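Reviewing the structure listed below.
The structure displayed is predicted, hence computed values, not measured ones. Side chains included, hydrogens not; waters and symmetry mates left out as well; all remaining heavy atoms used.
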Amino acid sequence: MLAVRVSILQFRKDINGLRAIAVIAVVLFHFNAPWMPGGFAGVDVFFVISGFLMTGIIFRGIEQENFSILSFYVARGTRIIPALALLCFVLLVFGWFYLTPLEYKVLGRHVGSSMGFLSNISYLMESGYFDSSSHEKWLLHTWSLSVEWQFYIVYPLVLVTMRKFMPVKTMKATVLVGTVLGFIVCVVASYKWPNYAFYLLPTRAWEMMIGGVACLYPFALKEQRKKLLEWFGLALIVGSYFLVSKDNSWPGYLAIFPVLGAFLIIQAQRNNSLVTNNIIFQKLGGWSYSIYLWHWPLVVAIYTFSLHEMYLYLGIALSVFLGFLSNKYIEKIKYKQNFGNLFSYLKFKPLYMVLVLGLLGSYAYISQGVGNRFSLTPKMQETVNQLVMPRRKNGYCFYDFNDKSTVVDKEVGSNCYLGSKINASSTLLFGDSIAGNYDPFFDEVFKGNNGSFQSISTNWCYPSLTNNFTGPKTHISYEQCLINREYLKENMHRFKNIIYAGSWGRVLDVGQIEDVKFVIDKSAKMGVNVIIVAAPHRYNKNPLQGFYRSLYLGSPFDISTFDDDVLTTEANLRLNKFSKEYTNVYFIDRAMLYTKQKTFDLYGLAVPYSLDGVHISMLGSKYAAKHFLNQDNYNEVMNYININ
């Protein structure tokens, strides 16, 4: 165990330089992904370093029989909490003046989960790390801190328990075996449950444990071989930064390359290497934690406020500068770490930072973003209240599994009717959440024609008779989708009209547009009148937040500055062209649904139809119906649909 003692007692300049290599990659990737497509792998390098250092501390304490789990937690808290707490506090103050209530509410939730080191779980429940909405989350990057902290909690408990039943040599072998098994679990989970694999500790632990293996099984090599090992490790890391991208399943088997690269550089132990031991990398390595903390909010700020791309370079420079300040004035503050008894641990000051920031974040969330910071007229407040997703809870049919009370149920999922319910329904609206968005639209249209329709829609369940799915098949909505499709297959012949709606761009993107064409063809050949509804404008950035900012903060709002998704437009064109092959298939295009301005007028304000950049809001759907009712070819469409 002498090697463990030496590696911990001596400052490893090579590891400090390795931190720089990791943080540079993460920063470049986040500010502009094309600069370094696989730069997110820098986080995996950080995990290896963390595992190496923590394993050394724990095993050294166990060997000397003076390891204290509470002291270990205090030391980790002293290192991590103060700088994180400052960042969260600054964001809450900043958000008070510059964020809308909805944005501030979300920030409050994320501050609470970050300070509680549960943010990885919180973000898992929201969306994927690489989704466009990720750029609206000011503390998204804290998911990795949460994973690390969870490792810090579990790892020493497991090792101390193991020590009671086995010698140190066996413990070391167990860490090695656990690392291999953890990698296998990671590979399998990344394929079957990609979002869970990305965010959760069980699929990330092996990356930290392999750092432990480097600590417990150090290589004994001659200097020339150490140099070769270092360069090979560096090639693996840098190669992964440029050859891997967000399109690859991650972590998965590809994570072995940056992880193994970090492992080899640590094993090389080249403390005087020009690669890692240069003044730039040593400084950046020393500031790396604080640079990591501050860089992502700057990325989000540039995105949120639509700043010119020149701000990317300013943001990188500011990340380094703020990292330097945070390291010098916050990270290096000395807090009392030695406590005589359990009760005296209550004097640990960073603990109160967690409590205070957690309470502030919770208040921002519970108070709905402290909306009383602003005053809206009653009419405008009513408008804001209707800029929501149409779903079961507000009188429509979308069977939304984001509502935790929703359960898989054939009867409940399909037994929902809208329009004028006096007459029996002969029309079915079927599809995914986009179809659910059109519930208010068709509710208005059918009421105006004394007709009713049945609506069946759930998350990601685009019109198809296959098992394909545009969302993760591990999501509970997949089960409901299969039930919905079985219902469609069995009852298709009963309907006079079937309206198909979906996120066509997403369907095209994942190569499943032929599924939609097949179900349209099958319906049409049964003599059913088929109506295909164009997918709404899909934006790379949420225009509703821009509208809210103009409403609450007086900022200018111009929806034309929000880029429209070309893929969705292409998918609409394909389905429109396909519809012309049939006499009983009709395509309702965007021009019939939305104004050319892509907004509707309300109280003199230009309100976007879009709810989140993908869906349309309940109010937007109703105003789309008003636009549709005033179209010259409205009667042509309604004559086509055999409502009665």
Side-chain angles (χ1 to χ4, degrees), residues 26 30 40 43 46-47 77 80-81 83-92 94-95 99-154 189-190 193-205 250-251 292-297 299-300 303-304 353-370 389 400-406 459 471-472 474-477 542 545 612:
V26 174
H30 282 154
F40 53 84
V43 171
F46 274 126
F47 283 159
I80 293 174
I81 293 172
L84 175 62
L86 175 64
L87 172 65
C88 290
F89 179 73
V90 169
L91 287 176
L92 285 173
F94 168 83
L99 297 185
T100 66
L102 179 59
E103 291 173 318
Y104 202 59
K105 175 186 176 181
V106 173
L107 175 62
R109 182 174 74 241
H110 292 165
V111 165
S113 62
S114 296
M115 293 307 302
F117 296 105
L118 295 170
S119 60
N120 59 325
I121 298 172
S122 176
Y123 294 125
L124 170 64
M125 297 297 104
E126 294 176 15
S127 62
Y129 182 77
F130 300 112
D131 292 348
S132 60
S133 62
S134 66
H135 280 80
E136 299 170 5
K137 300 172 183 178
W138 296 85
L139 290 166
L140 177 65
H141 61 319
T142 64
W143 75 268
S144 63
L145 302 182
S146 294
V147 170
E148 276 197 73
W149 189 255
Q150 290 158 19
F151 180 75
Y152 296 158
I153 292 174
V154 175
S190 295
W193 310 286
N195 280 351
Y196 289 86
F198 187 93
Y199 280 115
L200 298 185
L201 175 63
T203 49
R204 291 289 190 168
W250 198 265
Y292 181 79
L293 283 180
W294 286 96
H295 88 282
W296 178 252
V299 172
V300 175
Y303 174 86
T304 299
M353 298 179 189
V354 173
L355 294 175
V356 170
L357 269 299
L359 288 173
L360 289 175
S362 298
Y363 174 72
Y365 177 71
I366 294 170
S367 65
Q368 301 296 311
V370 200
M389 187 80 170
D400 187 7
F401 280 87
N402 289 315
D403 182 345
K404 303 305 178 185
S405 64
T406 304
N459 313 70
T474 53
H475 197 278
I476 189 172
S477 61
N542 184 3
Q545 290 302 334
D612 53 13

_Less than 4.5 Å apart, side chain to side chain, heavy atoms only: is that true for L124 and W143?_
no
*Is the side chain of N459 donor-acceptor paired with the backbone N or O of F401 at a distance under 3.5 Å, no angle test?*
yes
*To the nearest 0.5 Å, how far apart are CG in L102 and CD in Q368?*
9.0 Å
*Y104 side chain to L92 backbone, donor-acceptor under 3.5 Å*: yes
*If you round to the nearest 0.5 Å, how far is CD1 of I476 from CG of N402?*
11.5 Å
_With heavy-atom distances below 4.5 Å as the criterion, would you say the side chains of V370 and Y363 are in contact?_
yes
*Going through the checks in order, is the side chain to side chain donor-acceptor pair (under 3.5 Å) test met by S146 and Y123?*
CA-CA 11 Å; S146 294; Y123 294 125; over 6 Å; no
*So, is the end of the R204 side chain (NZ or CZ) under 6.0 Å from the ring centre of F198 and within 45° of the ring's axis?*
yes
*Do Y303 side-chain atoms and S134 backbone N/O form a donor-acceptor pair below 3.5 Å?*
no
_On a heavy-atom basis, which atom in V111 and which in C88 lie closest, and how many Å separate them?_
CG1-CB, 4.0 Å
*About how many Å separate CE of M125 and OG of S113, when rounded to the nearest 0.5 Å?*
12.0 Å
*Close side-chain approach of Q545 to T100, heavy-atom, < 4.5 Å*: yes
*Answer with yes or no after comparing the ring centroid distance for W138 and H110 against a 6.0 Å cut-off, counting only values under it.*
no
*Roughly how far, to the nearest 0.5 Å, is OG of S144 from OH of Y199?*
10.5 Å
_Between S114 (side chain only) and S119 (backbone N and O only), is there a donor and an acceptor less than 3.5 Å apart?_
no
*Side-chain contact, heavy-atom cut-off 4.5 Å: W294 with L86?*
yes
*asked:* Could you check whether any side-chain heavy atom of I81 comes within less than 4.5 Å of a side-chain heavy atom of V354, counting everything from C-beta outward?
replied: yes
_Q150 (side chain) donor-acceptor with F117 (main chain) under 3.5 angstrom_ = yes
*Is N195 close to T474 at the side-chain level, that is, under 4.5 Å between some pair of heavy atoms?*
no
*Side chain proximity check, L139 to L87, heavy atoms < 4.5 angstrom*: yes
*Considering all heavy atoms, the nearest G108-A364 contact*: CA-CB, 3.9 Å
*asked:* Let me confirm one number: the CG-CG distance from L145 to L293, rounded to the nearest 0.5 Å.
replied: 6.0 Å
*Atom CD in E126, atom CD1 in I121: separation rounded to 0.5 Å?*
12.5 Å
_Determine whether the aromatic ring centres of residues H135 and W296 are separated by less than 6.0 angstrom._
yes
_Validation row: I80, Y152 side chains within 4.5 angstrom (heavy atoms)_ = yes
_Taking every non-hydrogen atom, the tightest pair across V299 and H30_ = CG1-O, 3.5 Å
